[in-house]
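Take a look at the structure set out below.
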Amino acid sequence: MWQRAFRGASAGVLGWLRYRLPHLCWNGCTKQRNTRALVRGLRYSNRPGKTGRLLAALTGAFLWDEERVREEEIIRPAEDMKRMRPGADTIRGQTSTDTEDQGWELVVDKKDFKLWRRPIEGTHLYQYRVFGSYRDVTPRQFFNVQLDTEYRKKWDALVIKLDVIERDGESGSEIIHWVTHFPYPMYSRDYVYVRKYHVDQENNLMVLVSRAVQHPSIPESPDYVRVRNYQSQMVIQPHTSFDENGFDYLLTYSDNPQTVFPRYCVNWMVSSGMPDFLDKLHMATVQAKNQEIKVRDYISFRPQDCGSESRASPERKNAAAHPAPHMEYA
């Protein structure tokens with residue numbers, strides 16, 4: 001009797017579902033088609049911004065189509081460097097008119113180092129821009145040290161964790177999880193960001209772009225404060241070649257450290273943090289050069305050569321075997 005009652009109740013539930021969800025069919029093929037249609041509907045009805053987070057939560061996969069670093073994000077900082085370069089000789093004393101015309105305020109003016117800032121609309125924070133030069137290391141050495149996550153764990157005492165989580169074989173973009181100490185008594189911060197680099201042999205340029213994203217495999221931890229707003233663009237222009245000492249660099253960045261400290265404290269931390277990092281990065285490059293420390297050569301490096309360092313995005317494995325011509329990524 002109870003079996004008949006169970007079958008009857010099941011039939012009633014199925015009948016109600018057919019009535020309420022008339023567009024869902026009960027054969028495998030149609031169900032798959034409708035699932036894809038549902039996902040497409042979610043993508044277009046929730047644009048922009050929320051799409052990746054929503055679908056990542058539903059599928060448990062990172063959506064490279066939405067979050068990979070795109071070509072225009074590489075081109076923009078390279079164009080900024082071209083506008084700065086005609087005034088490279090003025091770094092010793094004059095101010096770039098083009099930079100000031102874009103609303104940048106010069107706040108540090110030293111030999112081989114200039115720092116500007118401009119307000120981020122709708123916030124109490126600033127975006128920062130650094131233009132500087134180094135003459136005792138090669139662009140290749142400086143670039144490689146900046147990208148090598150394993151070496152950074154050795155020279156940056158603030159690093160708690162720094163790992164490549166996933167790589168997109170099509171574009172070379174990769175997901176980084178970075179956990180870093182903050183000054184006492186603040187909690188440590190963690191960053192999840194996508195990064196991509198491009199080496200332009202013809203124009204003698206190196207570009208590295210990073211920005212914060214969300215990744216389903218890296219949920220927020222109660223041990224750290226997640227920094228949700230972060231972006232950085234670094235452009236390196238050799239004075240001669242990638243393998244001879246001397247280069248200029250242009251770094252544009254913004255960072256919201258998610259703190260309740262007064263505005264001037266936050267802006268001081270952000271504005272002083274990057275120059276301090278650049279000093280440490282430069283010293284680490286000098287040390288690697290003088291002590292012949294082995295650092296991965298990213299200029300000659302292909303994403304598919306990574307081996308076990310990170311897992312490639314499944315839908316991009318085939319594309320990884322055919323990287324775009326004239327471009328090197330990491």
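What's counted below: heavy atoms across the whole structure, side chains too, no hydrogens, waters or symmetry copies. Numbers here simply count residues along the sequence, with the first being 1.
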task = Show your reasoning for whether salt bridge (Lys or Arg N to Asp or Glu O under 4.0 Å) applies to Glu150 and Arg296.
result = CA-CA 9 Å; Glu150 292 304 312; Arg296 183 188 295 272; over 6 Å; no
query = Counting distance only, does the side-chain N/O of Lys289 pair as donor-acceptor with the main-chain N or O of Asp136 below 3.5 Å?
reply = yes
key: Aromatic contact, Phe247 with Phe142 (centres under 6.0 Å)   = yes
query = Within 45° of the ring axis of Trp178 and under 6.0 Å from its six-membered ring centre, is that where the NZ or CZ of Arg152 lies?
reply = yes
message = Could you tell me if Arg140 sits above the aromatic ring of Phe242, with its cationic atom closer than 6.0 Å to the ring centre and no more than 45 degrees from the axis?
response = no
note = When Glu166, Glu73, Glu170, Glu174 are each screened for salt bridge (Lys or Arg N to Asp or Glu O under 4.0 Å) with Arg68, the one that passes is Glu170
remark   = Which of Phe62, Tyr191, Tyr193, Trp64 passes ring-ring contact (aromatic ring centres under 6.0 Å, His included) with His215? It is Phe62
ask   = Between Glu220 and Arg228, is the closest basic N to carboxylate O distance under 4.0 Å?
value = yes
message = Under 6.0 Å from the ring centre and within 45 degrees of the ring axis: does the NZ or CZ of Arg117 meet both conditions for the six-membered ring of Tyr128?
response = no
No-hydrogen, no-angle side-chain donor-acceptor test under 3.5 Å, Ser173 and Asp168 = no
query = Quick one: ring pair (Phe, Tyr, Trp, His ring centres under 6.0 Å) partners of Tyr249, sequence neighbours excluded?
reply = Tyr134
key: Euclidean distance, Thr180 OG1 relative to Asp156 CG, rounded to 0.5 Å   = 6.0 Å
task = Please lay out, stage by stage, how Asn245 and Thr138 fare under the test side-chain hydrogen bond (donor to acceptor under 3.5 Å, both in side chains).
result = CA-CA 4 Å; Asn245 285 356; Thr138 71; 5.3 Å; no
